[in-house]
Amino acid sequence: MRLALFIVAIMAGLAAAVRGQDAPKLILLETRIGSQPDGFGGETPIVTGEVFNHGAESYIGVSLVVEALDGDERLIGEGFGFLVDACGTALLDYALMPGGVQGYSAPFELFAEGEIASVRVSVEAEAEAPDWPPLVDAPAVTLIARDEAVMLEWLDEETLIYGIGCEGTVFTELDWRRYSVGDHALSEIEHPVAAKVTPEMIARSDAALITQSGEQDPQLFYGSRMSFPPGARRIVYQNDLHTIFSAEPDGSFKRLIHDMLHRHSLRGFVWARHAGVFLAYYFGSYGEPVRYFSADVEGQMLMGRLEELEPSITVPGPADDGLAAVVGWRRGDLSGYYLNYAFGGSELLFEAELPGNNYPAPTVAGPLVYVIRPIAGLPTLQCYDRRTGQLATVTELPLQLTRAARAWSQLSPAGGRLAVAMNGAEGGVWWVDLAGTCS
């Protein structure tokens with residue numbers, strides 16, 4: 001069954017009124033009119049918002065038609081749109097499940113003179129029976145929210161904050177939420193250190209400096225991956241040549257950490273359990289090997305330069321002190337997780353079917369190593385104890401990881417909980433109770 005729904009938004013950003021159905025199954029929320037770069041140095045008008053499935057069926061092939069009207073209700077522009085993820089990527093094969101909410105983007109073109117007085121958005125979709133994903137019976141796993149989360153940070157053992165948005169976005173541009181384990185309270189917040197990122201701080205750090213000309217380009221900051229490490233003073237970021245620096249929180253006293261990285265794509269930093277120790281990891285797309293190096297915020301390289309280290313199949317996880325990393329390698333017919341030591345030498349921890357670079361990095365906490373990998377097709381959390389050589393399965397995880405989705409994890413300060421986040425249309429945030437699972 002093909003469903004059509006009509007929405008009229010009067011003036012940009014004002015409330016929408018529904019017409020055409022007494023009980024619409026697809027409802028448009030948060031309708032806004034704005035603009036976006038058109039690729040030719042100009043701006044294109046665009047309607048954005050969310051589509052809510054209020055029905056009992058799922059909907060595929062969701063598309064939107066935009067009609068811009070002037071004060072005399074004369075058609076002066078039109079365009080088309082689709083459901084999108086947090087990065088603005090069209091979800092062409094996506095099924096909007098019952099109760100689901102997903103963002104949409106519909107750019108339109110003005111072909112006649114006049115001032116936009118209203119915009120009419122029509123939505124069409126094909127109804128079908130819901131194809132629910134397999135249920136994962138995981139009592140140790142608690143769902144926090146169904147958000148497209150790309151960053152996690154424990155403030156203490158009971159308090160988690162996470163950032164919602166597009167992967168690669170600098171932390172100050174994400175939408176942050178604060179979650180309390182005790183009462184499950186969830187609230188919108190600004191990141192605790194966001195106020196420190198001022199234009200003066202950015203200019204002082206050279207995070208927005210065009211190296212060749214010496215001029216400042218504010219847009220460069222948004223690709224800097226600037227990070228304030230938990231428990232340490234100095235910040236870490238990359239410049240326009242992908243050179244990694246650390247600096248004081250005000251951007252002063254810069255220290256070069258690693259250069260000659262312009263051919264590599266920084267995907268993030270994994271912070272070790274020791275304050276100020278991190279692992280920077282690099283890859284271009286799904287399935288590519290992961291290059292990396294470890295260092296500390298004082299500027300000390302810990303495992304050698306990136307080009308000296310054998311790439312990993314998985315995203316590596318740093319040891320507490322950064323002098324080793326848990327990597328995924330294949331040796332002949334054998335694949336598994338290895339502990340790769342600084343400046344040479346490695347040991348096999350255990351054999352395993354390795355995930356791709358869209359899975360979280362292993363987490364090292366003293367002698368314990370937590371890994372998330374597919375077992376019989378289901379993402380599963382396991383714990384390996386280096387003291388005993390024992391591998392324990394903790395729980396299956398309700399992740400739907402595809403080529404277009406990635407996941408991250410973060411261990412709480414005392415090690416009692418593991419937070420897991422996934423981006424994409426099926427994204428979410430969960431935490432896992434680790435009590436008694438690997439001891």
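Values below: all heavy atoms of this structure, side chains included; hydrogens, waters and symmetry mates excluded. Residues: numbered from 1 along the sequence shown. Everything numeric here is computed off the predicted structure, so don't read it as measured data.
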Can Ser412 and Trp431 be counted as having a side-chain donor-acceptor contact under 3.5 angstrom?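 Short answer, no.
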Among side-chain atoms of Gln382 and Thr393, is any donor-acceptor pair under 3.5 angstrom?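 Yes, Thr393 and Gln382 have a side-chain donor paired with an acceptor closer than 3.5 Å.
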Which heavy atom of Trp154 sits nearest a heavy atom of Pro413, and at what distance?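 Heavy atoms only, the tightest pair is CB-CD, 3.6 Å.
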With Arg406, which of Glu426, Glu148, Glu167 fulfils salt bridge (charged side-chain N to carboxylate O under 4.0 Å, His left out)?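 Exactly one candidate clears the test, Glu167.
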Nearest-0.5 Å distance, [atom1] of residue [X] to [atom2] of residue [Y]:
X: Tyr59; Y: Leu96; atom1: OH; atom2: CG; answer: 9.5 Å
X: Ser312; Y: Asn340; atom1: OG; atom2: CG; answer: 9.0 Å
X: Leu83; Y: Asp85; atom1: CG; atom2: CG; answer: 10.5 Å

Would you indicate whether Glu30, at its atom CD, is surrounded by more than 12 heavy atoms from other residues, nucleotides or ligands within a distance under 6.0 Å?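 No, the 6.0 Å shell around CD holds no more than 12 heavy atoms from other groups.
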Check the surroundings of atom CD in Gln36: do more than 12 heavy atoms from other residues, nucleotides or ligands lie under 6.0 Å from it?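 Atom CD in Gln36 is crowded, with more than 12 foreign heavy atoms closer than 6.0 Å.
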Decide whether a cation-pi geometry holds between Arg267 and Phe283; the criteria are a distance under 6.0 Å from NZ or CZ to the six-membered ring centre and an angle within 45° of the ring axis.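 Yes, a cation-pi geometry holds between Arg267 and Phe283.
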Before giving the answer on side chain to side chain donor-acceptor pair (under 3.5 Å), spell out for Glu124 and Ser63 the whole-Å C-alpha distance, their side-chain angles and the decisive distance to 0.1 Å. CA-CA 5 Å; Glu124 291 190 350; Ser63 61; 4.9 Å; no
Any salt bridge linking Arg291 with Glu307? Criterion: basic side-chain nitrogen under 4.0 Å from a carboxylate oxygen.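 Looking at Arg291 and Glu307, the cut-off is not met.
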